[in-house]
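One structure is given below, encoded as structure tokens.
Only a predicted model underlies this, so the values are computations on that prediction, with no experimental measurement involved.
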Amino acid sequence: MTFETLGWQGLVILVVFGLSLLIATYCTYAERVIAAFMQDRVGPDRAGPYGLAQPLADAVKMFTKEEFFPGGASKTLFTLGPCLAMTTALMSSAVIPFGNAMKFGDTSVHLQGIEVNVGMLYIFGVVSLGVYGVMIGGWASNNKFSLLGAIRAASQNISYELAMGLALIAVLMISGTLSLREITLQQTNPGAWHFGDIFAWNVFKQPIGFIIFLVCAFAETNRTPFDLPECETELVGGYHTEYSSMKLGLYLFSEYINILVVTAVMSVLYFGGFNYPFQYEFLDFLSNKAGLSADWAHNIFVLMGVVAMFMKIFMGIFFFMWVRWTLPRFRYDQLMRLGWTILIPLAIFNILLTGGLITTGIIK
Amino acid sequence: MSLFLFLTFVALLSALGVVLAKNPVHSVLFLILTFFTLSGHYLLLNAQFLAAVNIIVYAGAIMVLFLFVIMFLNLNEATEPKKPLLAKVAATIAGGSLLLIMVAAMRNVAPAGYDAATFNSQVGMVDKLGLVLFQQYQLPFELASILLLAAMVGSVMLGKRETGERNF
């Protein structure tokens, strides 16, 4: 890798980092606006036009609040908890391909933090580490409600990781690679132009796997209907009961980053990532009719892919919020029963089905 | 090389931390750090799959369960069992002699060198590893899976509710 490409790659990593923070910031705003819309309220509209400065106001409030350490709490671990939650949340966006490769003369820049051939396992590993922030914070608070919330989070994440992993195995069987970039590139069919291109997306080959992954994604990010770790009717505030100031802010913020990452992974694995319908017509139009140079036509085509990817991500985030204000919370035993006795057997059946369809040559 | 030395330094330091930490939760956290540095070593050896699986299985699943149990047990100095002096002395002698035997056995071992010209740097990649596991070592692989299945059946049997028993 030359110095120049290294510089470009560093820039891409910075942009991904900044964008995930920005999107997570505005998720807090979007969540309240969507909640208000669904409950026929006005929602935040005081700070700035349409309340767009609300996240800024929230941040100022969070930073200026008193930092509080509960008595008997381990100070180091109490601080480490939110830090870990935030770090693990931000780490996972490194391997997500937000776009194809851009070309500038001889240099080609992959719009992806790092390209590794075990991308899917990397995501899975980082997601499984996410629970430490919650567990350490909950335990260090020296509060029984926090501890119960932490224990719930841990057992919920471990249970749903299994079903999620089994759903991913079925995708892996079709794609034959763990690299997220390769998986994305496979989900297009240059022969079939027009709208038919979207039928190369994995969601059409893996409908059962997708539903399992979706349910597990809700459980892994601790979102309603599976937000038992912070269930306020039973546990006050769950694992972050004792947290105040920006430490609480980091916990809440990491939840939104997790949603962003999980929807990005979902769009890469099941919705074709940066592929979009009519993309080959668009490329043909740019290079042959619009009179652009080959490089520029390719770059605009790639940038449209980035836009498509982010549209898919925003749709996913909207879906998460939509579900939050539609479905009531599950009971804890219902959650465990769903995970162990329905999702895991279903995922194993899905693997067998996928294997059967591959050997008979129905799906490739 | 400097990365290797750094990782080794952190690995040894955190491994010592596991043994020396007074609080069992701190011990578990040090152990997790040790697993991370070991994964770093695997990455340096170009074994990406092993590194990722090490994080997922050990750091992500097994250590979460460790932490889980330790948080429930409420271990502190007041509840720590006191061992008699004789047991401590016996444990020190046994551990020390094990160390002595290992050092004596390893002292004259020369690491098998590899030929840089013929060495396949892709050997730790996931597709190569899969081919080796499912062709060359298929029988041991399947035997290991049967062992895991037996352990799984056993734990389900132990955790199963007896008739008439109430767990909560």
Side-chain angles (χ1 to χ4, degrees), chain A residues 72 74 76-77 80-81 84 88 91 95 114-142 144 146-159 161-162 164-165 168 172 176-179 182 220 239 332-333 340, chain B residues 17 21-33 35-36 39-40 42-43 46-76 121-122 124-131 149 152 155-156 159-161 167-168:
Chain A
S74 153
T76 332
L77 291 184
L80 190 67
L84 272 180
T88 48
M91 266 165 71
V95 294
I114 39 171
E115 159 74 13
V116 284
N117 65 8
V118 288
M120 211 145 95
L121 285 178
Y122 175 88
I123 296 266
F124 201 62
V126 174
V127 165
S128 66
L129 293 177
V131 69
Y132 280 118
V134 172
M135 278 193 89
I136 290 171
W139 182 78
S141 299
N142 196 22
K144 61 184 83 159
S146 298
L147 182 63
L148 280 175
I151 299 269
R152 278 187 176 189
S155 44
Q156 173 177 331
N157 278 34
I158 291 178
S159 313
E161 251 163 42
L162 292 174
M164 196 185 220
L168 288 181
L172 180 63
T177 172
L178 286 166
S179 152
E182 293 288 318
E220 290 284 316
Y239 58 88
Y332 202 70
D333 59 319
W340 287 99
Chain B
K22 289 268 185 240
N23 189 327
V25 172
H26 293 177
S27 281
V28 172
L29 295 178
F30 274 123
L31 192 52
I32 295 164
L33 190 61
F35 283 132
F36 266 94
S39 271
Y42 288 139
L43 278 183
N46 214 7
Q48 298 182 355
F49 179 73
L50 210 54
V53 167
N54 188 40
I55 295 277
I56 295 171
V57 175
Y58 283 95
I62 294 181
M63 294 320 291
V64 172
L65 290 175
F66 262 60
L67 206 56
F68 198 90
V69 172
I70 285 173
M71 282 178 178
F72 262 132
L73 289 180
N74 191 25
L75 297 169
N76 50 38
S121 67
Q122 300 298 306
M125 297 296 169
V126 54
D127 42 350
K128 297 285 180 301
L129 190 72
L131 287 178
L149 185 69
M152 211 156 75
S155 59
V156 168
K160 212 172 168 213
R161 214 175 301 173
N167 283 13
F168 53 86

| said: Could you report the tightest heavy-atom contact between A:I158 and B:A61, atom names first, then the distance? | reply: CD1-O, 4.3 Å
| note | Turns out that what part of A:S155 lies under 4.5 Å from chain B's heavy atoms comes down to both
| request: Examine whether an atom of B:V126 lies under 4.5 Å from a heavy atom of chain A, and if so say whether it belongs to the side chain, the backbone or both; otherwise answer neither. | output: side chain
| note | When every non-hydrogen atom of A:S128 is compared with those of B:G60, the smallest separation belongs to OG-CA, 3.6 Å
| message | Tell me whether B:Y58 at atom OH has more than 12 heavy atoms from other residues, nucleotides or ligands lying less than 6.0 Å away. | response | no
| said: Using heavy-atom distances under 4.5 Å, tell me whether B:V25 contacts chain A through its side chain, its backbone, both, or neither. | reply: side chain
| Are more than 12 heavy atoms from other residues, nucleotides or ligands located less than 6.0 Å from atom OH of A:Y332? | yes
| Which atoms of A:V118 approach chain B - backbone, side chain, both or neither, heavy atom under 4.5 Å | both
| field | Contacts of B:F36 that satisfy side-chain contact (heavy atoms from CB on, under 4.5 Å) - sequence neighbours left out | value | A:L129, B:I32, B:I55, B:A59
| task | Using the test side-chain contact (heavy atoms from CB on, under 4.5 Å), find all partners of A:T177 that sit at least two apart in sequence or belong to another chain. | result | A:S175, A:S179, A:E182, A:I183, A:Q186
| message | Quick check on the interface: out of A:L77, A:L178, A:I151, who has the most heavy-atom pairs with chain B under 4.5 Å? | response | A:I151
| query | From B:L29 CG over to A:Y132 OH, what is the distance, rounded to the nearest 0.5 angstrom? | reply | 8.0 Å
